[in-house]
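These numbers come from a predicted model, not from an experiment. Chain naming here is simple, since letters A, B, ... match the order of the sequence lines and numbering starts at 1 in each. Both backbone and side-chain heavy atoms feed into the values below; hydrogens, waters and symmetry mates do not.
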Amino acid sequence: MKEVFLYPETVVRHFRKPKNMGRMKNPSGIGKVGNLLCGDVLWLYIKVKKDEKGEESIADVKFECFGCVVAIGISSVLTTMVKGKPLEEALKLRKEDILGKTGPLPPIKVHCSVLAVDALHEAIYDYYLRNKTQIPEQLQKEHERIQKTLEKVEERFKKYVELQEKVFGAKKS
Amino acid sequence: MKEVFLYPETVVRHFRKPKNMGRMKNPSGIGKVGNLLCGDVLWLYIKVKKDEKGEESIADVKFECFGCVVAIGISSVLTTMVKGKPLEEALKLRKEDILGKTGPLPPIKVHCSVLAVDALHEAIYDYYLRNKTQIPEQLQKEHERIQKTLEKVEERFKKYVELQEKVFGAKKS
Amino acid sequence: MDYAATTPVDPRVLEAMKPYFLKKYGNSMSLHAWGREAKEALENSRETVASLMNADQEEVIFLGSGTEGSNMVLKGTAFANRKKGKHIIVSSIEHHCVLESARWLERQGFEITYLPVDKYGLVDLNALENAIKKDTILVSVMHANNEIGTIEPVEEIGKLCREKGIYFYSDAAQSYGKIPVDVEKMNVDLLMVDAHKIYGPKGTGALFIRKGTKIEPLLHGGGHEFGLRSSTVNVASIVGFAKAVEIQKKEMNSDANKQTKFRDRLIKEILKIEDSHLNGHPTKRLPNNAHFWFAYIEGESLITQLDMHGIAASTGSACSSESLEPSHVLLAIGLKPQEAHGSLRLTTGKYTTKKDVDYVLEILPKAVKRLREISPFKGGWE
Amino acid sequence: MDYAATTPVDPRVLEAMKPYFLKKYGNSMSLHAWGREAKEALENSRETVASLMNADQEEVIFLGSGTEGSNMVLKGTAFANRKKGKHIIVSSIEHHCVLESARWLERQGFEITYLPVDKYGLVDLNALENAIKKDTILVSVMHANNEIGTIEPVEEIGKLCREKGIYFYSDAAQSYGKIPVDVEKMNVDLLMVDAHKIYGPKGTGALFIRKGTKIEPLLHGGGHEFGLRSSTVNVASIVGFAKAVEIQKKEMNSDANKQTKFRDRLIKEILKIEDSHLNGHPTKRLPNNAHFWFAYIEGESLITQLDMHGIAASTGSACSSESLEPSHVLLAIGLKPQEAHGSLRLTTGKYTTKKDVDYVLEILPKAVKRLREISPFKGGWE
Ligand SMILES: Cc1ncc(COP(=O)(O)O)c(C=O)c1O
Ligand SMILES: Cc1ncc(COP(=O)(O)O)c(C=O)c1O
Ligand code: FES
Ligand code: FES
């Protein structure tokens with residue numbers, strides 16, 4: 001049977017054999033995004049190293065994901081893209097950069113790539129926070145947007161579940 | 001290809017080779033039923049003969065039909081059933097007798113068999129009228145019913161056509 | 001000679017369908033490999049069907065029948081645009097699937113205008129312009145009529161509708177794959193095509209819905225076909241439809257030439273029969289449609305006569321439970337009921353041969369003669 | 001192992017269909033010989049399909065899909081019985097085609113009650129009795145659920161509805177041809193069955209409509225199927241459906257025994273996986289359905305893992321544009337969303353072998369383990 005993919009081949013390949021998967025001991029920063037109720041949770045760990053010139057870069061990166069194929073695959077792709085990269089460069093990473101590497105996603109799955117980028121930026125934010133580094137304005141704004149989106153999604157989702165419960169009388173056991 | 005009939009085989013056989021088809025010269029009676037607008041017109045001619053005992057019977061019968069397969073086929077069947085029969089017997093003929101011979105018709109086609117029986121009875125009525133014979137009560141009633149039905153069908157049909165004309169703006173040329 | 005009713009499936013079409021029955025039978029919504037394979041076949045087919053009407057792939061959904069398409073368009077635009085208005089215009093010679101949907105909407109409180117046609121069956125543009133009101137939401141005029149074969153001035157109708165900001169729907173069941181269909185030139189917002197009229201399988205059609213058109217689904221459920229038409233996707237039939245379209249794409253022009261010759265010969269010869277008349281337009285008609293009425297005889301009898309000789313044909317005289325009903329199309333072009341009762345439709349197709357045409361020309365005059373012998377009106381109407 | 005989504009066509013079914021594509025392609029409404037042949041095939045098929053549900057031939061019409069049947073029943077009875085009332089009761093685990101039709105009716109001003117189910121997915125008869133009102137016109141409870149396989153107490157539900165003079169509809173898409181379906185025993189007024197779930201072609205189903213039931217058509221048009229469902233009749237597919245029914249009639253019982261063994265083995269072995277749970281009823285379930293949820297992992301990933309090993313399966317975790325949406329059925333039986341996200345449906349069929357089952361039992365534990373390694377919750381929910 002010919003292999004036909006619903007998702008870009010690169011994404012599927014990374015889903016099949018994810019790189020940099022697992023928990024990291026003593027990370028320099030962690031980004032936790034997504035929501036359990038929604039079925040998308042991504043935790044991204046970074047280890048940051050300073051070189052002689054004082055430039056900070058991502059020495060190691062790992063991720064854990066409870067989520068769909070694309071979320072897992074894209075997270076893996078992202079880790080390979082940022083490993084060894086200076087933080088500043090990592091901060092410039094956008095979902096378009098990932099999609100440029102993998103090819104386009106179906107519209108319904110675009111948010112999975114947003115999830116990965118958000119996790120990365122949140123990890124860096126966390127690192128800055130822990131190290132009491134001045135947080136760049138842009139990153140601060142991003143952090144706020146992410147937290148707000150998470151809240152919003154959660155709220156919307158809770159409403160959906162509540163509706164289901166009201167309508168369908170769920171919540172038994 | 002196997003022959004599959006929408007209508008009873010006998011009806012189709014008679015349609016293919018109608019018996020007693022055509023106009024009759026100098027008939028003793030004519031029954032004209034049906035309506036041109038409806039696409040069903042049946043004219044039935046009878047020649048009546050009196051035997052020594054004074055019993056009247058149908059010496060010859062012919063029909064002309066502008067109508068559907070069943071109307072033509074059933075009319076032919078009917079003529080074969082009444083040829084040679086005493087008038088009294090012919091008057092007793094009902095659509096059930098014909099259908100007993102041919103097998104059942106689809107519901108939508110039952111009225112075609114009514115048409116044939118009506119034409120026969122109208123022809124006898126006409127014969128009685130011409131000969132100033134006392135018309136049996138039953139036949140008189142039947143005659144009135146037939147005329148009324150014809151009027152009703154015509155009326156209903158005219159309404160339908162008028163509606164079409166009103167709605168569809170027909171009547172051009 | 002009844003290709004307008006339905007066609008056989010081209011053997012190449014059946015060949016293309018087979019794998020999707022037995023092996024590639026997946027549900028196009030499933031995530032696993034079988035499902036993805038089905039999905040790919042579906043999208044390729046969509047592209048093929050869209051391309052022969054000059055539409056974008058995303059503007060075409062597949063249907064379970066042509067009838068479903070018309071029901072969806074009439075009811076779906078009516079319900080979705082209720083706020084704009086309750087008035088719909090349909091031509092008086094639309095297929096039953098449009099007319100009956102319109103009548104159903106009438107019972108739900110919508111207002112329907114039935115547009116008259118001239119003696120050839122052509123919709124009058126002035127009448128259309130006069131019929132349009134502030135609250136008109138849809139105009140439905142078929143591309144080519146299934147009975148008399150008349151091709152409507154859809155480009156002009158579409159242009160007028162566009163100017164007035166009204167959706168224009170055209171039922172192209174009889175034209176698609178036989179003559180050019182182009183949603184841009186035709187200025188349509190909605191257009192229906194049908195597989196089993198062009199050697200594809202029955203039970204499959206497609207609907208063009210121009211981007212941005214407000215319409216509700218008719219079949220609610222799992223959200224297939226961009227949420228517009230739920231039901232497990234019938235991949236085998238759709239692949240078959242696409243194959244049929246692919247074939248017509250190549251063969252349409254040469255086939256139309258052949259059919260036109262047959263048609264014009266049928267018309268020329270048959271009109272030699274006494275008291276016979278052509279229905280529909282002499283030139284603005286489908287290449288494969290020849291339609292007549294013969295005085296003094298009834299259509300069902302006539303096609304049964306032909307059937308006795310192995311010739312399939314059709315008539316506009318149909319049984320109802322109390323009488324025969326003449327076709328609304330024939331009444332709309334101004335025929336009297338007794339004239340409409342004597343109508344005959346001959347429609348040729350790609351498997352029709354010159355011999356078939358000769359044979360019809362040999363048998364038909366005899367059949368007409370025979371029935372006239374039976375008719376009380378052989379000498380003329382009373 | 002995704003036979004509940006759709007099945008391949010049995011080669012014997014395709015064989016039976018073939019002549020109706022190529023040679024016997026007539027329109028069942030035509031009067032000529034080809035048409036009559038189609039008509040005969042149609043009526044024979046109707047008899048076959050009716051007989052496996054103990055219905056009269058005149059009480060069965062053919063459809064273009066199961067979805068169409070549910071849409072017709074919900075909308076058709078609602079509109080036809082508006083004078084009686086505006087209230088409809090549907091179970092909360094109905095298929096989308098019922099639920100979305102109900103929601104559409106809600107938007108048209110009808111009142112819908114969604115009936116709760118217990119943790120096995122069984123409709124509660126008391127709840128039903130309490131939900132019934134004076135103006136209730138229809139109750140819709142499926143025969144067997146397509147996700148968790150639970151078989152509903154339809155006989156009792158039907159009896160209750162009959163007592164109250166309310167129409168009872170049951171969607172038997174998943175049960176027909178797999179377990180006995182009997183419209184008399186079930187006390188149903190309306191029942192839908194589907195061809196592509198039992199090795200027949202996609203795009204064909206049938207609807208039982210008890211004599212005297214007031215219902216409007218969904219597809220208006222030429223008046224096919226006793227005026228209840230217009231569209232040129234898809235004879236080939238219908239003949240295929242009938243052939244599939246004929247086969248199931250003979251093989252249903254032995255096949256159900258085989259499936260039950262597979263099912264029970266799957267359940268027994270899979271529940272040995274840590275933190276795994278059975279969904280649906282342990283015994284009142286379809287013979288071919290095994291349904292689970294696994295803690296800490298997400299379903300789409302799981303079925304893709306299985307797919308990598310050539311195993312087709314399905315999950316109740318589906319993508320929406322902003323997150324994954326857990327199945328309404330799993331929420332209705334009381335699962336938390338994160339639990340529902342980790343669900344897996346395995347459905348076997350007549351081509352499933354013992355080897356296939358063994359293989360799944362070998363691969364699945366590994367796949368679950370692997371995904372748990374990726375999951376942040378490997379040690380338990382936070
Ligand atoms: C012009 C036209 N519209 C609609 C239809 C309906 O198509 P279907 O019978 O496939 O539903 C037909 C053919 O039957 C047709 O000729
Ligand atoms: C229970 C149930 N009802 C309805 C349907 C809808 O059937 P279809 O997709 O053939 O329209 C399905 C299957 O998809 C089903 O499993
Ligand atoms: S992360 Fe939500 S569907 Fe992939
Ligand atoms: S006489 Fe009316 S249909 Fe036959």
Chemist: Rounded to the nearest 0.5 Å, what separates atom NE2 in C:H196 from atom OG1 in D:T232?
Modeler: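 Going from the NE2 atom of C:H196 to the OG1 atom of D:T232 covers 3.5 Å.
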
Chemist: Below 4.5 Å from any heavy atom of chain C, which atoms of D:L74 appear? Answer side chain, backbone, both or neither.
Modeler: neither

Chemist: To the nearest 0.5 Å, what is the distance between NE2 (C:H220) and NZ (D:K75)?
Modeler: 4.5 Å

Chemist: Side chain, backbone, both or neither: which part of D:T7 has an atom under 4.5 Å from a heavy atom of chain C?
Modeler: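 When you check distances to chain C, only backbone atoms of D:T7 fall under 4.5 Å.
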
Chemist: Check each atom of D:N234 against the heavy atoms of chain C and say whether the ones under 4.5 Å are side chain, backbone, both or neither.
Modeler: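 Both parts, backbone and side chain.
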
Chemist: With a 4.5 angstrom heavy-atom cut-off, is it the side chain or the backbone of D:M72 that approaches chain C, or both, or neither?
Modeler: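 No part of it gets close to chain C.
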
Chemist: Mind telling me whether C:F79 and D:W104 have parallel, tilted or perpendicular rings, with 30° and 60° as the class edges?
Modeler: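 D:W104 and C:F79: perpendicular rings.
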
Chemist: Output all residues satisfying salt bridge (charged side-chain N to carboxylate O under 4.0 Å, His left out) with C:E147, sequence neighbours left out; order by chain, then residue number.
Modeler: none

Chemist: Please say whether more than 12 non-hydrogen atoms of neighbouring residues, nucleotides or ligands are located less than 6.0 Å from NZ in D:K86.
Modeler: yes

Chemist: Go through the steps to decide whether C:L218 and D:L219 satisfy the test side chain to side chain contact (heavy atoms under 4.5 Å, CB included), and finish with yes or no.
Modeler: CA-CA 9 Å; C:L218 181 71; D:L219 301 188; 3.6 Å; yes

Chemist: According to salt bridge (charged side-chain N to carboxylate O under 4.0 Å, His left out), who are the partners of C:E94, at least two apart in sequence or on a separate chain?
Modeler: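 Salt bridge (charged side-chain N to carboxylate O under 4.0 Å, His left out) check on C:E94 returns nothing, list empty.
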
Chemist: With under 30° as parallel and over 60° as perpendicular, where do the rings of C:F21 and D:F21 fit, or are they tilted in between?
Modeler: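 Judged by the thresholds at 30° and 60°, the geometry between C:F21 and D:F21 is tilted.
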
Chemist: Please state whether the side chain, the backbone, both or neither of C:M17 comes within less than 4.5 Å of a heavy atom of chain D.
Modeler: side chain

Chemist: Evaluate side chain to side chain contact (heavy atoms under 4.5 Å, CB included) for C:K18 paired with D:L14, printing each intermediate quantity in order.
Modeler: CA-CA 8 Å; C:K18 264 189 206 160; D:L14 182 54; 3.9 Å; yes

Chemist: Return the option, out of C:P201, C:G221, C:G66, with the maximum number of heavy-atom pairs under 4.5 Å with chain D.
Modeler: C:G221

Chemist: Could you give the distance from CD (C:Q108) to CZ (D:R82), rounded to the nearest 0.5 Å?
Modeler: 4.5 Å

Chemist: So, taking the atom named CG in C:L63 and the one named OG in D:S231, what distance separates them when rounded to the nearest 0.5 Å?
Modeler: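 Reported to 0.5 Å precision, the distance equals 9.5 Å.
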
Chemist: I need the residue from D:M308, D:E216, D:K202 with the largest number of non-hydrogen atom pairs under 4.5 Å to chain C.
Modeler: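 Ranked by heavy-atom pairs under 4.5 Å with chain C, first place is D:K202.
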
Chemist: Taking D:L306, D:V98, D:T67 one by one, which has the highest count of heavy-atom pairs under 4.5 Å against chain C?
Modeler: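 Looking at each of D:L306, D:V98, D:T67 in turn, D:T67 comes out on top.
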
Chemist: With chain D as the partner, which of C:P8, C:S237, C:C97 has the greatest number of non-hydrogen pairs under 4.5 Å?
Modeler: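 The candidate making the most pairs under 4.5 Å is C:P8.
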
Chemist: Between D:S230 and chain C, with a heavy-atom cut-off of 4.5 Å, which part of the residue counts as in contact: side chain, backbone, both or neither?
Modeler: both

